[in-house]
Amino acid sequence: MKVSLNWLRDLVDVDVSVAELANKFNTHSAEVDEFYQLVEATNLVVGYVTEKVAHPNADKLSVCQVDIGTGVTQIVCGAPNVDKGQKVIVSLPGAVLPGGFKIKKSTIRDVESNGMICSLSELGIDKKYHNEEGIHVLNEDAKVGANPVVEMCLNDEVLSLDLTPNRADLLSMMGVAYDTAAILDKTVHLNEYKVEESNHKNEAKIEIETDNCFSYYARIIEDIEIKPSPVWMQARLIAAGMRPISNVVDITNYVMLETGQPLHAFDFDLVETGKIVVRMAHDKETLETLDGKIRTLSTSDIVITNGERSVALGGVMGGLETEIVSTSKRVLLESAVFSPTHIRKTSSRLDLRSEASMRFERKVDPKRTVYALEMATYLFTKYASGRAQKGIQFVDNITDEVKTINLSLEKINRTLGSDYSLQKVSSVLTRLSFDYTVENDVYVITVPSRRQDIETYQDIIEEIIRIIGYDTLSPTLPTTISLGKLSESQQLKRIVKDTLTSLGLSEAITYSLVSAEKVFDFTKEETKLVRLSMPMSMDKNVLSKTPLNGIVDSVKYNVARKNKDVFFFEIGKRHDEDKETLLLAGALCGEISNTLWQGKKEVVDFYSVKGILSTLFVKLGLSHLEFVSMSDYKNLHPGQSAYITDRTGVVGFIGKLHPEYEKQNDLKDVFVFELDLEKILELRRPLKKAKDINKFPTISRDLALVVDQSVSAKKLEDVIRKTGKRMLENITVFDLYQGENLGENKKSLTIRLEFSDSSRTLEMTEVDTRTKEILVTLEKELQAVLRY
Amino acid sequence: MNVYEKLEQIKKDAKEHIGLVKSIHALNEVKAKFLGKKGSFSEIMMLMKDLPNDEKPKFGQITNEAKQIILDYIEEQKTIIEAAIVADMLKSETIDVTLPGKKFEIGSLHLLTQIQNEIEDLFVGMGYEIMEGPEIEIDEYNFEKLNLPKDHPARDMQDTFYISEDTLLRTHTSPVQVRTMLNNEHKNAIKIICPGKVYRRDADDATHSHQFMQIEGLVVDETTSLSDLKGTLLAVAKKMFGEGREIRLRPSYFPFTEPSVEVDVSCHNCNGKGCNVCKGTGWIEILGAGMVNNNVLEACGYDSTKYQGFAFGMGVERIAMLKYGINDIRLFYTNDVRFNKQFK
């Protein structure tokens with residue numbers, strides 16, 4: 001809502017500057033977007049063109065003699081419409097026009113020019129408010145030598161309010177005036193309009209056939225003369241951001257802006273039947289609206305009809321058929337109240353938001369319906385030479401209920417944490433022009449009809465505190481004592497994040513919405529998708545099943561920009577229709593450590609990622625998790641992928657991206673992993689009791705074993721552990737050798753066995769015996785032989 | 001030369017020889033030369049038999065003393081040699097300490113997580129629990145129970161990604177507040193914050209993101225007031241933007257709170273004097289808040305005649321952007337390592 005200060009001053013005393021008023025609105029009423037001078041130009045005068053001759057050296061220029069009150073001056077003008085006898089806007093040398101444009105005395109093609117004759121655009125009045133191409137010609141009654149901005153009533157300031165949807169009252173100058181009065185502690189003074197009627201009885205017949213039109217009032221005004229509206233009204237419309245059109249249109253807009261009540265003017269002769277019937281539209285009924293579009297209606301749209309066919313889309317937009325045109329003579333002026341929800345539905349379905357629909361949607365003040373009608377009728381008689389027919393035709397189904405709200409002083413102070421007195425609160429209610437009674441410290445407040453947003457005592461408390469000012473409240477803290485804590489899952493997330501970052505991984509956060517085409521890139525199965533019903537783009541139309549989509553994209557982004565060393569993890573979700581599962585995922589590539597001048601570097605491979613995860617598992621008390629070879633994922637390398645499992649099943653996976661996938665995506669040697677954090681949380685067992693340190697010595701034996709390539713280290717370990725029994729404390733693989741001398745498809749693994757017993761010192765002989773047993777079993781079960 | 005003179009000569013020779021020795025091996029050789037079986041002392045001992053008997057004990061004593069002196073020379077020299085060896089070794093092991101050390105990767109938490117943790121810790125310290133909830137929500141919890149019925153004009157304030165007529169991507173973390181109130185069997189006091197991802201149907205640009213992070217807070221009890229809200233948010237402002245910060249509450253509107261306020265923090269860049277960060281106003285809008293609307297309390301099973309409280313909600317990205325002068329919200333989701341790694 002753009003508020004003209006001149007207009008506001010008509011309705012309430014404003015004794016502060018626009019800057020101060022803006023500041024007060026910000027802290028007491030509504031957010032101020034900006035405030036500004038409507039026309040920012042200096043050194044302008046009204047001039048009278050006494051003579052115009054063609055420029056001797058230029059075809060398109062004229063040389064004008066202009067009377068500027070203090071004398072006649074010569075100005076060269078390029079506008080084709082300049083002419084002798086016109087009153088025009090002259091900017092004199094020294095003038096500064098909007099945009100910092102400075103006017104100087106100059107010589108144009110050998111002819112002296114002492115200023116410029118201006119167009120409205122040059123004064124900063126946007127083209128959307130006028131359609132003038134050349135200079136602006138002032139009204140004949142403009143005073144030569146006077147300030148043309150004052151003559152055009154454009155000497156105004158504008159306060160632009162960014163309104164929240166509840167404050168429908170501020171969509172009217174009257175509403176703004178009431179709030180200004182409350183803020184500045186002033187009183188509102190409204191005009192009274194007394195319509196002079198002719199003897200012709202109002203011919204209109206009004207019928208309402210739907211519950212969604214609450215009231216409908218109409219006047220008929222005859223002998224209308226269509227012409228421009230008065231200059232002051234045009235100026236106020238421009239300040240309010242509306243384009244002046246003609247007196248009839250401008251008056252309906254002006255009254256809407258002042259009262260908040262949308263009006264509509266029909267050419268009564270074109271209504272043909274003399275009848276107005278308000279009903280719900282028939283399904284698929286069509287209507288050509290004022291903007292020239294043919295609208296197909298539905299049964300939730302309210303239409304104004306002439307009893308035979310629809311002539312307007314009620315509360316949203318008029319119909320083209322009955323539009324006021326330059327030849328219109330008789331006007332039916334409508335002032336009505338429509339159902340907010342239906343207006344909202346219609347305007348959003350047709351994507352047709354008008355000044356009228358915006359106001360009806362947010363509820364208008366039903367007490368202003370007649371006031372607005374009378375104000376507009378009065379203005380028609382005054383500025384469109386109209387004659388009002390006798391009486392108002394109307395149907396009104398609104399029951400006149402007075403809304404009252406009870407509110408105790410104690411509740412006010414308890415809600416606000418304040419210590420206001422009865423006197424203080426009463427004075428605020430008075431400033432707000434709210435009627436009230438008070439008994440035993442309990443107010444009974446009558447809600448004025450202009451404040452349709454006020455429904456509960458909480459709304460009243462808001463009114464009180466915003467007028468007193470939020471700055472007056474002293475900051476305190478809640479007194480309820482409670483235990484603050486992180487949940488187990490939040491703690492797990494923090495431990496995981498802290499551990500991984502100390503191991504060199506960085507956290508990424510990626511979008512949950514991904515493309516349906518890629519959503520299964522890193523899943524084993526294609527489970528049911530969660531799709532957006534109206535996505536904004538096809539690359540973000542479904543919810544992800546793993547954070548890996550986003551992470552791998554982020555790796556791609558970085559690698560493409562030569563950030564080659566990328567170690568990402570993310571905690572995100574798998575989104576299923578009925579469940580969201582917390583997942584940890586990661587993708588790594590590049591050098592994770594190096595001492596380049598020593599020629600040493602560690603490039604991420606399967607085992608570095610496995611090592612990172614194993615360290616994480618140690619931290620989480622889950623060292624027992626195992627890695628089991630698998631090849632179930634289409635975009636993972638079948639020879640370098642593993643499930644991470646527990647006795648209960650799979651908790652995650654790790655793997656290298658498939659070379660084909662890498663090729664298609666310009667990636668190389670990227671390793672990914674994913675863990676189900678909810679399963680991890682279930683598996684975690686907190687340490688309950690500390691173990692004693694083993695005081696007895698450890699005896700170790702190294703075995704270099706030659707086995708088939710297909711025998712995994714895990715298999716060897718399993719057999720060794722099974723045979724080694726309790727005294728075998730630890731197994732470490734510390735060498736892998738593959739060479740032709742071992743024989744085809746053979747490899748050698750060197751394994752260190754550490755024996756110990758926590759209750760005694762082991763004898764060498766028993767360790768040797770046990771080692772021998774292990775070797776025998778290994779040979780029997782895995783055909784493993786000692787290398788030497 | 002008598003034996004005594006010889007002995008003196010040996011001592012003298014030994015001192016000279018030993019002093020010149022540079023290695024342990026040579027020292028051992030010298031030791032053998034003087035004290036060994038065929039060494040100088042063996043020769044002297046041979047001469048002893050020629051001495052008169054009464055002189056023998058005295059000579060023996062002198063000889064032993066001389067031996068001891070030579071042993072001391074050797075020991076001394078050994079210490080010197082060993083020190084020289086250590087010095088050599090140290091010299092040969094001296095490195096250029098200015099060469100670069102081994103490069104380890106140090107990871108970092110995402111800036112949004114860092115801000116989230118900071119705010120969570122502040123609130124945990126003030127006795128709040130941290131609650132989370134699903135991102136796919138039902139309309140009832142995301143809107144209806146929050147005083148936003150289906151045709152409410154305020155629904156235009158939040159463009160929503162719908163999945164079906166009744167399910168959607170949550171547009172704020174308020175449904176977690178709804179769930180917490182509904183799940184509270186005893187309908188007693190609640191003090192929570194709700195962090196999480198939220199979604200709005202906005203085209204991504206420098207200041208809009210279809211996905212962002214929010215932290216909302218809710219306190220419900222019998223006494224918590226708007227002044228308590230002001231104090232709580234002042235603590236947030238000071239924690240995130242520095243001790244000297246002030247806050248300003250301005251009237252606003254949210255369907256779920258009444259009264260509703262926008263909260264501005266005094267500009268940390270110019271201390272409220274006015275600069276380009278605060279667009280010359282000295283204040284920066286950081287969050288929305290208010291007293292919980294009674295309709296919300298009632299819809300969630302709380303008796304509004306007994307209970308009251310406040311709620312607030314802030315965007316984590318916005319706080320990060322203000323705090324670090326970041327001017328494009330998309331940077332948080334691009335994960336360019338050059339950007340992310342600045343925040344250790």
Side-chain angles (χ1 to χ4, degrees), chain A residues 26-29 164-166 341 344 361-362 414-417 456 458-459 461-462 465-466 470-471 473-487 490 497 500-501 504-512 530 532-534 536 554 557-558 563 566-567 575 580 592-595 597, chain B residues 99 102-110 112-113 123-130 134-136 151 153-154 161-164 189 191 197 201 203 210-211 219 221 223-228 230-232 234 249-253 258-259 261 291 293-294 308 332-338 340-341:
Chain A
N26 254 327
T27 48
H28 296 281
S29 177
T164 51
N166 61 323
T341 53
R344 181 177 146 77
E361 216 178 85
R362 298 177 182 197
R414 180 149 63 96
T415 304
L416 297 174
T456 70
Q458 286 184 305
D459 298 320
I461 291 176
E462 176 166 67
I465 185 58
R466 76 178 173 91
Y470 290 101
D471 56 331
L473 293 177
S474 1
T476 51
L477 290 175
T479 48
T480 296
I481 292 171
S482 51
L483 284 179
K485 61 174 190 247
L486 298 177
S487 70
Q490 288 152 1
K497 287 181 180 184
L500 291 179
T501 50
L505 275 66
S506 286
E507 188 189 14
I509 298 182
T510 64
Y511 294 134
S512 311
V530 183
L532 296 183
S533 61
M534 273 177 27
M536 292 183 74
S554 293
Y557 172 94
N558 279 290
N563 308 328
V566 192
F567 320 103
H575 297 92
E580 293 172 26
I592 200 156
S593 76
N594 68 41
T595 333
W597 55 272
Chain B
L99 278 168
K102 178 172 177 176
K103 188 201 118 192
F104 288 97
E105 198 58 41
I106 175 72
S108 53
L109 290 178
H110 196 284
L112 296 179
T113 301
F123 279 96
V124 167
M126 294 195 289
Y128 287 65
E129 271 188 75
I130 299 171
E135 291 163 26
I136 301 169
D151 55 5
F161 282 119
Y162 278 93
I163 289 158
S164 67
K191 258 170 100 177
K197 291 174 185 162
R201 208 170 175 284
H210 73 276
Q211 173 181 328
V219 176
D221 59 20
T223 56
T224 288
S225 67
L226 193 62
S227 296
D228 295 333
K230 195 173 173 184
T232 304
L234 183 61
L249 275 52
R250 287 184 289 111
S252 187
Y253 170 74
E258 190 71 38
V261 290
M291 297 300 289
N293 192 306
N294 285 343
Q308 62 182 44
F332 295 112
Y333 295 93
T334 314
N335 296 302
D336 189 314
V337 297
R338 293 165 298 184
N340 286 23
K341 279 194 171 178

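Labels below follow one simple rule: chain letters A, B, ... track the order of the sequence lines, proteins then strands, and each chain is numbered from 1. This structure is a prediction, so every number in the text was calculated from the model and none was measured.
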**Report entry** Euclidean distance, B:Lys230 NZ relative to A:Tyr470 OH, rounded to 0.5 Å
**Finding:** 11.0 Å
Query - Pick from A:Leu532, A:Thr27, A:Asn594 with the largest number of heavy-atom pairs that fall under 4.5 Å of chain B - result: A:Asn594
Requested in this report: Compare all side-chain heavy atoms of B:Phe104 with those of A:Ile592 and state whether any distance is below 4.5 angstrom.
Outcome: no
Requested in this report: Indicate whether the side chain of B:Asp228 and that of A:Thr476 have a donor and an acceptor atom separated by less than 3.5 Å.
Outcome: yes
Query raised in the report: Roughly how far, to the nearest 0.5 Å, is the OG atom of A:Ser506 from the NZ atom of B:Lys341?
Result: 5.5 Å
Report summary line: When rounded to the nearest 0.5 Å, the distance separating CG of A:Asp459 from OH of B:Tyr253 is 9.0 Å
**Report entry** Side chain, backbone, both or neither of A:Leu505 within contact of chain B (heavy atoms, under 4.5 Å)
**Finding:** backbone
Query - chain B contact via A:Arg466 - side chain, backbone, both or neither, heavy atoms under 4.5 Å - result: side chain
Requested in this report: Under 4.5 Å heavy-atom distance to chain A, tell me which part of B:Gln308 shows up: side chain, backbone, both or neither.
Outcome: side chain
Report task. With a 4.5 Å cut-off on heavy-atom pairs, point out which of A:Ser29, A:Ser593, A:Ser474, A:Pro478 contacts chain B the most. Result -> A:Pro478
Report task. For B:His210, check ring-ring contact (aromatic ring centres under 6.0 Å, His included) against everything at least two apart and list the hits. Result -> A:Tyr511
Query - Heavy-atom pairs under 4.5 Å with chain B, option from A:Leu477, A:Thr595, A:Ile481 with the top count - result: A:Leu477
Requested in this report: Would you mind reporting whether B:Phe161 and A:Met536 have side-chain heavy atoms less than 4.5 Å apart?
Outcome: yes
Query raised in the report: With only heavy atoms counted, which part of A:Asn26 is less than 4.5 Å from chain B, the side chain, the backbone, both or neither?
Result: both
Query raised in the report: In terms of heavy-atom pairs under 4.5 Å with chain B, which of A:His28, A:Gln490, A:Lys497 leads?
Result: A:Gln490
Query raised in the report: How many angstroms lie between CD1 in B:Ile163 and OG in A:Ser533, if you round to the nearest 0.5 Å?
Result: 8.0 Å
Query - Pairs of heavy atoms under 4.5 Å with chain B: top-ranked of A:Leu486, A:Val566, A:Asn563, A:Ile509 - result: A:Ile509
Report task. Measure distances from A:Ile465 to the heavy atoms of chain B and classify the residue's part below 4.5 Å as side chain, backbone, both or neither. Result -> side chain
Query raised in the report: Do A:Thr501 and B:Ser108 come within less than 4.5 Å of each other through their side chains, counting heavy atoms only?
Result: no
Query raised in the report: What distance separates B:Ser252 OG from A:Glu462 CD, expressed to the nearest 0.5 Å?
Result: 8.5 Å
Query - Check: A:Ser554 and B:Tyr333 side chains under 4.5 Å, non-hydrogen atoms - result: no
Query raised in the report: Can you find a pair of side-chain heavy atoms, one from B:Asn335 and one from A:Tyr557, that are under 4.5 Å apart?
Result: no
Query - Derivation and outcome, side-chain contact (heavy atoms from CB on, under 4.5 Å), residues B:Glu129 and A:Ser482 - result: CA-CA 9 Å; B:Glu129 271 188 75; A:Ser482 51; over 6 Å; no
